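Owing to the predicted nature of the structure, the values given are computational and were not obtained by experimental measurement.
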There are 2 protein chains.
Amino acid sequence: MRRADFQRKTRVIVVDDNYDHASGIRELINLENDYEVIANAGNVNVALSLIKKYQPDIVLMDMNMPDIDGITAISEIEKLNVKTRVIALTGYDDADLIFRAMKIGAKGYILKTMASAQLIHALDEVAQGKVYLPNVLCSKFFDYFQNYEKNEKQNAKEDEENLLNYLTNREEEVLGLLTQGVTYKGVAKKLFISETTVKTHVNNIFQKLQVNDRTQAVLYAINKGFMNRQRVKIAV
Amino acid sequence: MRRADFQRKTRVIVVDDNYDHASGIRELINLENDYEVIANAGNVNVALSLIKKYQPDIVLMDMNMPDIDGITAISEIEKLNVKTRVIALTGYDDADLIFRAMKIGAKGYILKTMASAQLIHALDEVAQGKVYLPNVLCSKFFDYFQNYEKNEKQNAKEDEENLLNYLTNREEEVLGLLTQGVTYKGVAKKLFISETTVKTHVNNIFQKLQVNDRTQAVLYAINKGFMNRQRVKIAV
DNA sequence: ATCTATCTAGATCTAAAGGTTTAGATTGAC
DNA sequence: GTCAATCTAAACCTTTAGATCTAGATAGAT
């Protein structure tokens, strides 16, 4: 791995099972002074060994590969622990695909239908260590992202079906300790009350949460986002 | 909810405890034909009731408020279930703050130091239902996002410190039932073994996970991503 | 002033959980 | 063939956990 870094060109590997398309991209990039395509790969396995060998600066990864899907390919590249940055490339602006690609570490995402200037622009940005997402895709990403987070939270939402809302402050405190695996005796000590009082509280908690034992109570609490609620409470 | 939408102006509420700053923004926005600031709010509580009453199209929310922090404010707005879209506004480009704001549903994020043209641009984008994040902040967001996801995964990773790896298949099965709140008797029935056998397994589990009771075992399992593992196992 | 909710705590009981030891049966490894 | 790991299960015991009933103290509401 010799490195003669005097204004070395940014080295790119193109991964696309469509040879014509890969060649097109290659020529397009080679027109630029700052970039050189050092290899093409027609499938993910070849790509992985090439990346391991040459450690390119950037990989342009087609997401519609026959054998292994693009997402898996990207996460395999991430596992190699090389400095290579991946730009995903597809024909569709599927929000889920964009989200998952960015989630596992893609530094950019562009559509094949986009102008070639945009491809070069993406390379420029990513080569500088930035992330590149065209505005259209960025919007899609955030829509998906926010829905995703909303669903995560929905389990924890404050209203209607959440039996945690019927708990008193003291009961919440007790439940908080239960969710840390503390025993009756432990809770009693921490709250400076007697063990029988703790038992009373715990029994009331069971009634309100409609469960039979502490394990179920803890599971209910976790599923309904009790931990989040706790953090808020402490912050206030 | 009457809607007489004949090119009605986009209605904006500005939330900022600094009166001068809020006024500045107000005037700036009112210069535009398409927007009108219908109210200012100096604190979050006032803002919330104004938003509930007027249901503006956009809220410009300063994130550095004295009483309640901006993140809480935004999530309170989201809870109102109005169509209002929030653009966050701060002096700092703190990645964590940007990430959390977008996570809970902000549709845009801009810095006070940015040119006023950018503010209008943000309004335009958000008014159209898009998400607006300046490139600089977008990069910050993605850096944070990708690190965040990496950490999430680390908790569930298969290697080293995870005591779950020492469990035998049978013990994993038993633990799986414990994490559903099943009792000894229940586990015995489901696995067609005697209750004492279950106890033996559970005791071994406690030893291996270095815990004292089922609640702690369940909590350990959940924290170490045992549920994910289960899903995989069922899928196979 | 009375009523209701909440927090406290006692007594008493049963059921469940957990600890320890021992041991038979099976399987795969060396 | 022996060894180690695993799954099974008994006996015996101690400790928690959970259920129920009763009841005093306090605070807020009507």
With a non-hydrogen cut-off below 4.0 angstrom, is [X] in contact with a base, only sugar-phosphate, or nothing?
X	answer
A:Lys185	sugar-phosphate
A:Thr197	base
A:Thr200	base

Out of [options], whichever nucleotide has its closest atom nearest the side chain of [X]:
X	options	result
B:Asn203	C:dC7, C:dA17, C:dG19	C:dG19
B:Lys199	C:dG18, C:dC7, D:dA9	C:dG18
B:His201	D:dC7, D:dA17, D:dA9	D:dC7
B:Ile193	D:dC7, D:dA9, C:dA9	D:dA9

Could you state the [atom1]-[atom2] distance from [X] to [N], rounded to the nearest angstrom?
X	N	atom1	atom2	result
B:Glu171	D:dT8	CD	P	10 Å
B:Glu195	D:dT8	CD	C1'	15 Å
A:Ile205	D:dA17	CD1	C1'	14 Å
B:Asp213	D:dT14	CG	C1'	15 Å
B:Arg214	C:dA15	CZ	P	17 Å
B:Asn169	D:dC7	CG	P	7 Å
B:Asn212	C:dA16	CG	P	22 Å
B:Phe192	D:dC7	CZ	P	18 Å

Identify, between A:Lys208 and A:Thr196, the residue whose nearest nucleotide on DNA chain C lies closer to the 5' end.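 Result: A:Lys208.
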
Taking B:Lys112 as the fixed residue, which of B:Thr90, B:Asn64, B:Asp62 is the one that meets the side-chain hydrogen bond (donor to acceptor under 3.5 Å, both in side chains) rule?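 Among B:Thr90, B:Asn64, B:Asp62, the one meeting side-chain hydrogen bond (donor to acceptor under 3.5 Å, both in side chains) with B:Lys112 is B:Asp62.
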
Kindly assign one of parallel, tilted or perpendicular to the pair B:Phe145 and A:Phe141, based on the angle between their ring planes and the thresholds 30° and 60°.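 Plane angle over 60°, so perpendicular.
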
Interatomic spacing from CD in A:Gln55 to CD1 in A:Ile13 - rounded to 0.5 Å: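 Answer for the CD-CD1 pair, A:Gln55 versus A:Ile13, is 10.0 Å.
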
Atom pair CG/CG of A:Leu164 and A:Asn223 - distance to nearest 0.5 Å: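 Rounded to the nearest 0.5 Å, the CG-CG separation comes out at 10.0 Å.
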
For A:Tyr184 and B:Thr168, take the nucleotide of DNA chain D holding the closest heavy atom to each; which residue's nucleotide lies nearer the 5' end?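 Mapping each residue to its closest nucleotide by heavy atoms, the 5'-most match is B:Thr168.
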
Under a 3.5 Å distance rule, please check whether A:Thr84 uses its side chain to pair with a backbone N or O of A:Pro56 as donor and acceptor.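 At least one qualifying donor-acceptor pair exists.
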
